[in-house]
Protein chains: 2
Amino acid sequence: MPTGFNTDDMKKLDEVVATRRRVKQGEMLFSNGDVFTSLYAIRTGFFKTCVSTEDGREQVTGFQMAGEIIGLDGIVTDHHSCNAVALEDAEVCVMPFANVEDLSREFPLLQRHVHKIMSREIVRENSVMMLLGNMRAEERLAAFLLNLTQRLHARGFSQTELTLRMSREEIGSYLGMKLETVSRAFSKFSDDGIIEVKQRYVRILNTDALKKIFNPETCS
Amino acid sequence: MPTGFNTDDMKKLDEVVATRRRVKQGEMLFSNGDVFTSLYAIRTGFFKTCVSTEDGREQVTGFQMAGEIIGLDGIVTDHHSCNAVALEDAEVCVMPFANVEDLSREFPLLQRHVHKIMSREIVRENSVMMLLGNMRAEERLAAFLLNLTQRLHARGFSQTELTLRMSREEIGSYLGMKLETVSRAFSKFSDDGIIEVKQRYVRILNTDALKKIFNPETCS
DNA sequence: GTAACTCCTTGATGCAAATCAAACGATGAC
DNA sequence: GTCATCGTTTGATTTGCATCAAGGAGTTAC
């Protein structure tokens, strides 16, 4: 990640991290109602965040991987309003938010960084709203796969091969569709020769075709 | 709004506001691609923010009224990624973001306030994702009406009467449904004696019924 | 090994909302 | 006043996805 920090800044930055915390697969890092104290930077592992209604309906609001920050939802009310669940064994850096605020008053670069992280999350959610409000099942899945591979690629993984950390049901919850529909869309892409799927292993054979499905216009 | 600022703080706070700007109905305060310089606090009037795809599909991402802040989407890339359109003649306070950052380094309360505003937006978008991903047409409209009246009530307006500033199509875009479906849901509520509708005038006759539609469980 | 479980795939059917279509009401131009 | 335009309502029809249902694949426990 290009942060614009020099080594001196980096040293100061380490001060925001109080401790590390391991979270086993299936465990919650925090959950709805918990008192908010810290942001968490994911070192290793993979998380989902989700909100739920009283009558038990659940909406996955995001999937987060190494280098990403979770817990921003807690700032406004001092309590978390969603659950963060590890989808594989994970380790996070605990950053007490008081430290973050104190240090970002001293270091404009850190301050800027914090603002950008929050703004990025707002923009990401805007595009999920577009997905949920305007796109059809296959467009949603195409967008999802492109987004995942792009983020994985930025972390040094393959652009065309990935192992999903989440179930069809969790993908469906994120994309506003049922697990059967997710499965059918995978099968459709596979039949069309766009991807190869074997359970959670996915290999993208034709990225352009995926992009065309996601956005018919720009790649004509 | 309970801000926790004393009068002395408030005076300093005025420093973040560079100028005011009037925006006529239908005009854009900023649009996708514009260079980001400032946040805007709405003094009077009513806005919508929306994102759009290259093939012309539009998603309304929010409706904003007096006292609310828009422009947060621009921080991450230094460019706005959505459009902000005035739905009625409006006036905003222009707050150059550089000022905001400078002053919030000096005033922890302002810093905290900025963080809360961004976090609140993230949490709001989480609940819109729940709406779009899990709810049916009538639940969405009920949630929308309850949210609007609640925000208007906090500003001293009636809890039960309002004049919509947006068209059926804009409501539909926000809620992920077509204008005809919005219209039918209004008619249904009206037939059921829950609301009275006359074009953009809406009067809520039975708030509990609306709440029950929005969330069948909690109000049984 | 097999039993029990979870997750995934596929097929058949149903339904909520989209689409297509027409008419109505409000507003503004002249 | 009339006409044109835009937003809204309502009806008829279609459709994409949900739901219901059954079976297959992979994993864990013993």
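Residue numbers begin at 1 in each chain, while the letters A, B, ... track the order of the sequences. Note that the coordinates shown come from a computational prediction; the quantities given were computed from them, not determined experimentally.
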Heavy-atom protein contacts under 4.0 Å, nucleotides 13-20 of chain D, coded B base, S sugar-phosphate only, - none: ----SSBB
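- Extent of DNA chain C lying under 4.0 Å from chain A heavy atoms, first and last nucleotide in 5' to 3' order, is C/dC7 to C/dA12.
- Phosphate contact (OP1/OP2 of D/dT8, side-chain N/O of B/K198, threshold under 4.0 Å): absent.
- A salt bridge links B/K188 to B/D192: one of the charged nitrogens lies within less than 4.0 Å of a carboxylate oxygen.
- Taking 4.5 Å as the limit, some side-chain heavy atom of A/L210 sits within range of a side-chain heavy atom of A/F189.
- B/K188 comes within contact range of no nucleotide atom at all, as no heavy-atom separation falls under 4.0 Å.
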side-chain contact (heavy atoms from CB on, under 4.5 Å) between A/Y174 and A/R140, intermediate numbers included: CA-CA 10 Å; A/Y174 182 57; A/R140 295 182 200 189; over 6 Å; no
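- Here the side chain of A/N32 pairs no donor or acceptor atom with the backbone of A/N83 at under 3.5 angstrom.
- For the pair A/K48 and A/E58, the salt-bridge criterion is met [side-chain N within less than 4.0 Å of a carboxylate O].
- Residue contacts shown for B/S187 are limited to sugar-phosphate atoms, with no base heavy atom under 4.0 Å away.
- With rounding to the nearest 0.5 angstrom, the CG atom of A/L164 is 10.5 Å from the CD atom of A/E170.
- Ion pairing of B/R57 with A/E139 is present here, as a side-chain N (NZ or NE/NH1/NH2) and a carboxylate O approach within less than 4.0 Å.
- Classification of B/E27 and B/R21 as a salt-bridged pair fails, no side-chain N sitting under 4.0 Å from a carboxylate O.
- Note on B/S167: only backbone sugar-phosphate atoms sit closer than 4.0 angstrom, heavy atoms only; bases stay farther off.
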